[in-house]
Amino acid sequence: MMLLFLMAIVSSVVVERSVVRSYETRAISQRIAIVHNQCDILCDQLVNRGYLENPVDEVIDGEFDMLTSIYGGRIFVVNKDGKVIRDTFHLDVGKYSLTKEVMDCLEGRETSQYDRDNQYIEMTLRITDPALSDAESETLGVMLVSVSTVEINASKNVLERRGNMILMIVILLILLIGYISATFLVKPFQKITNSIEAITDGYQDESISVDDYLETELIADAFNRLLVRVKTVDDSREEFVSNVSHELKTPLTSMKVLADALNQDPNASLEQYKDFMQDISQEIDRENSIINDLLSLVRMDKKSADLNIEEKNINELLELIIKRLNPIAERANVELILDSFRPITAEVDETKLTLALTNIIENAVKYNKPEGGWVRISLNADRKYFYVTITDSGIGIPQESIDNIFERFYRVDKSHSREIGGTGLGLAITKSAIVMHRGAIRVSSRVGEGSTFSIRIPLVYVV
Ligand SMILES: Nc1ncnc2c1ncn2[C@@H]1O[C@H](COP(=O)(O)OP(=O)(O)O)[C@@H](O)[C@H]1O
Ligand SMILES: [Mg+2]
């Protein structure tokens with residue numbers, strides 16, 4: 001902006017200078033042309049009236065007087081020997097004037113030059129026979145003319161002074177406009193900056209409003225939307241921290257109660273000790289699994305740049321997961337069935353995808369019928385995606401809970417889930433892992449009949 005104004009000022013100065021300069025050159029060359037013309041006529045008269053031979057002629061003298069008084073100059077007439085035969089100042093008659101200009105002119109080269117410092121024009125004209133053309137005639141003499149340019153300079157100075165005055169006005173105007181527009185443009189932004197700064201300390205429940213200008217209104221809106229998002233993230237983080245603390249405290253409280261009971265009973269039997277110690281050990285296991293799940297979840301929360309993508313055979317990956325879960329399934333009397341429709345390879349992070357699928361299949365085993373339950377895992381693909389579907393014959397999920405099961409620490413039935421075991425973090429981890437693979441997960445379920453989890457993941461990982 002400042003640069004723009006500076007450019008405007010500089011260019012006005014340049015324009016003003018060049019106008020004055022071009023006026024000067026024009027006026028000088030015009031003056032030269034006029035004087036040259038008049039002197040040419042006079043030269044012809046000199047020859048016609050035989051002035052070169054006998055320089056006494058009232059008519060010619062009159063012409064000389066008129067010319068010199070109009071242009072404020074001096075005229076010499078030099079014959080071809082270089083002798084001055086006429087000087088309108090009557091000072092140099094009879095002397096020889098063989099300056100370079102005169103010599104040049106005698107040889108046929110007329111000159112004219114402008115002496116800016118001393119403010120005069122000097123020119124030489126050939127005196128030739130008017131009956132002949134310039135080229136045919138020999139040089140009979142030289143007329144040396146000098147005319148003053150004082151009044152040209154005077155009007156140039158007047159022009160310059162006016163130009164400078166206009167220039168000053170223009171510069172002042174430019175500065176004024178610059179100042180006004182700068183304040184107008186900067187002011188709204190200053191105002192919104194102030195509002196934003198005022199809110200930075202305690203953004204919790206505030207929003208800004210600067211609707212004096214359209215620009216600031218738009219910025220304020222965008223900023224407020226950002227505030228809402230920040231607040232949502234902040235709230236959910238707070239909730240998460242309080243949930244984590246609560247979940248971690250529960251096993252500790254149980255252990256404390258068990259330990260205190262033993263300590264306060266001096267007659268506690270060995271049986272009781274063994275019993276309580278077993279419970280304490282279980283609580284430690286629980287604490288451990290919560291911490292492990294939390295660590296997995298934190299790892300999933302990292303950026304997708306942390307994914308370790310490799311081309312993997314998905315059939316083998318699923319077979320391995322099922323093999324690892326088989327002991328748990330046998331203990332729960334649940335049958336695991338795998339339907340692979342075709343060999344599939346895809347670009348996945350093996351560890352994270354294994355964790356995701358293990359969680360779902362483990363749930364399907366855990367929340368199954370007490371006897372004779374089954375879990376069916378099917379794998380299929382088209383040209384873009386592969387699909388894993390896990391269907392169980394289990395207890396099902398109530399309709400109103402389906403939207404919540406992916407939330408951290410959410411469990412449909414706290415007391416029920418507690419005896420089955422689990423942290424409520426499994427599906428949250430699963431969902432993060434699948435989303436990181438640019439995939440999707442869907443659930444459908446009917447209470448008492450079973451649930452189906454459908455997963456879709458691209459075969460090629462796109463960053
Ligand atoms: N296949 C399933 N059948 C019935 N309920 C399920 C199934 N999978 C998940 N759930 C419900 O969703 C809740 C959340 O699952 P998850 O996040 O894995 O936590 P948990 O550690 O309790 O298994 C479970 O507590 C359970 O109530
Ligand atoms: Mg689970």
Side-chain angles (χ1 to χ4, degrees), residues 236 239-240 243-244 246-251 282-301 318 321-322 324-325 327-329 331-338 352-378 388-436 439-455:
S236 89
E239 192 190 312
F240 179 61
N243 283 344
V244 167
H246 176 77
E247 297 292 328
L248 289 177
K249 263 183 90 171
T250 317
Q282 265 173 18
E283 293 299 332
I284 291 174
D285 286 346
R286 187 169 162 68
E287 185 90 39
N288 218 355
S289 64
I290 294 174
I291 290 171
N292 281 338
D293 278 0
L294 276 174
L295 287 177
S296 303
L297 195 65
V298 169
R299 255 176 250 132
M300 294 293 175
D301 272 353
L318 263 177
I321 292 173
I322 289 169
R324 280 206 214 114
L325 285 176
I328 303 175
R331 225 177 299 145
N333 246 318
V334 172
E335 190 187 2
L336 292 181
I337 309 150
L338 174 61
K352 293 196 167 78
L353 188 65
T354 302
L355 197 58
L357 292 171
T358 306
N359 273 326
I360 295 181
I361 300 171
E362 201 184 339
N363 280 348
V365 173
K366 279 199 310 190
Y367 304 105
N368 218 310
K369 274 211 280 272
E371 281 296 322
W374 49 262
V375 176
R376 185 162 227 123
I377 301 133
S378 85
V388 184
T389 314
I390 296 124
T391 309
D392 63 57
S393 60
I395 58 174
I397 305 161
Q399 201 56 43
E400 67 270 15
S401 297
I402 281 200
D403 288 339
N404 300 324
I405 54 172
F406 293 103
E407 279 170 23
R408 294 175 288 203
F409 295 118
Y410 183 86
R411 269 167 285 171
V412 174
D413 180 349
K414 291 242 169 195
S415 61
H416 187 126
S417 292
R418 198 170 160 70
E419 89 202 25
I420 294 176
T423 59
L425 290 171
L427 285 179
I429 295 168
T430 299
K431 178 139 190 189
S432 291
I434 290 170
V435 168
M436 275 175 111
I441 179 163
R442 240 170 353 118
V443 192
S444 66
S445 181
R446 211 175 260 268
V447 175
E449 286 179 23
S451 317
T452 301
F453 285 76
S454 313
I455 298 166

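Counting starts at 1 for both ligands and their atoms, following the listed order.
Considering backbone and side-chain N/O of N363, one or more are found under 3.5 Å from N/O of ligand 1. Ligand 1 has a nitrogen or oxygen under 3.5 angstrom from a nitrogen or oxygen of G424. Backbone and side-chain nitrogen or oxygen atoms of I397 are examined, and none is located within less than 3.5 angstrom of a nitrogen or oxygen of ligand 1.
The Mg ion (ligand 2) has N363 OD1 as its protein N, O or S neighbours under 2.8 Å.
Counting heavy atoms from C-beta on, the side chains of W374 and I337 come closer than 4.5 Å. Contact of the I402 side chain with the Q399 side chain is registered, since non-hydrogen atoms from C-beta on lie closer than 4.5 Å. Annotation: side chain of L425 is not in contact with side chain of E247 (no heavy-atom distance under 4.5 Å). The shortest side-chain heavy-atom distance between N368 and S393 falls under the 4.5 Å cut-off. Within the 4.5 Å cutoff, no side-chain heavy atoms of N363 are placed close to those of F453. Residues L294 and F240 form a side-chain contact, since some pair of their non-hydrogen atoms from C-beta on lies under 4.5 Å apart.
When each of T358, V365, V334 is paired with L325, the side-chain contact (heavy atoms from CB on, under 4.5 Å) condition holds for T358 and for no other.
Atom numbering of ligand 1 starts at 1 in the shown order; those under 4.0 Å from a heavy atom of V412 are 11 (C), 25 (O), 27 (O). When each atom of ligand 1 is checked for a heavy atom of F453 under 4.0 Å away, the hits are 1 (N), 8 (N). Taking every heavy atom of T423 and a limit of under 4.0 angstrom, the matching atoms of ligand 1 come to 21 (O). Short contacts between ligand 1 and R411, defined as distances under 4.0 Å to a heavy atom of the residue, involve ligand atoms 22 (O), 25 (O). Applying the 4.0 Å criterion to heavy atoms of G422 picks out, from ligand 1, the atoms 21 (O). Ligand-side atoms of ligand 1 in range of Y410: 13 (C), 14 (C), range being under 4.0 angstrom from any heavy atom.
At a heavy-atom distance under 4.0 Å, only side-chain atoms of K366, from C-beta outward, approach ligand 1. Counting heavy atoms under 4.0 Å from ligand 1, residue N359 does not touch it at all.
Going from atom CZ of R408 over to atom NZ of K431 covers 12.5 Å, rounded to the nearest 0.5 Å. For the atom pair NZ (K366) and CD1 (I395), the distance works out to 10.5 Å, reported to the nearest 0.5 Å. Here the CG-CG distance, from D293 to N359, works out to 7.0 Å after rounding to the nearest 0.5 Å.
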Apply side chain to side chain contact (heavy atoms under 4.5 Å, CB included) to the pair R324 and T354, showing each step before the final yes or no.
CA-CA 11 Å; R324 280 206 214 114; T354 302; 3.9 Å; yes
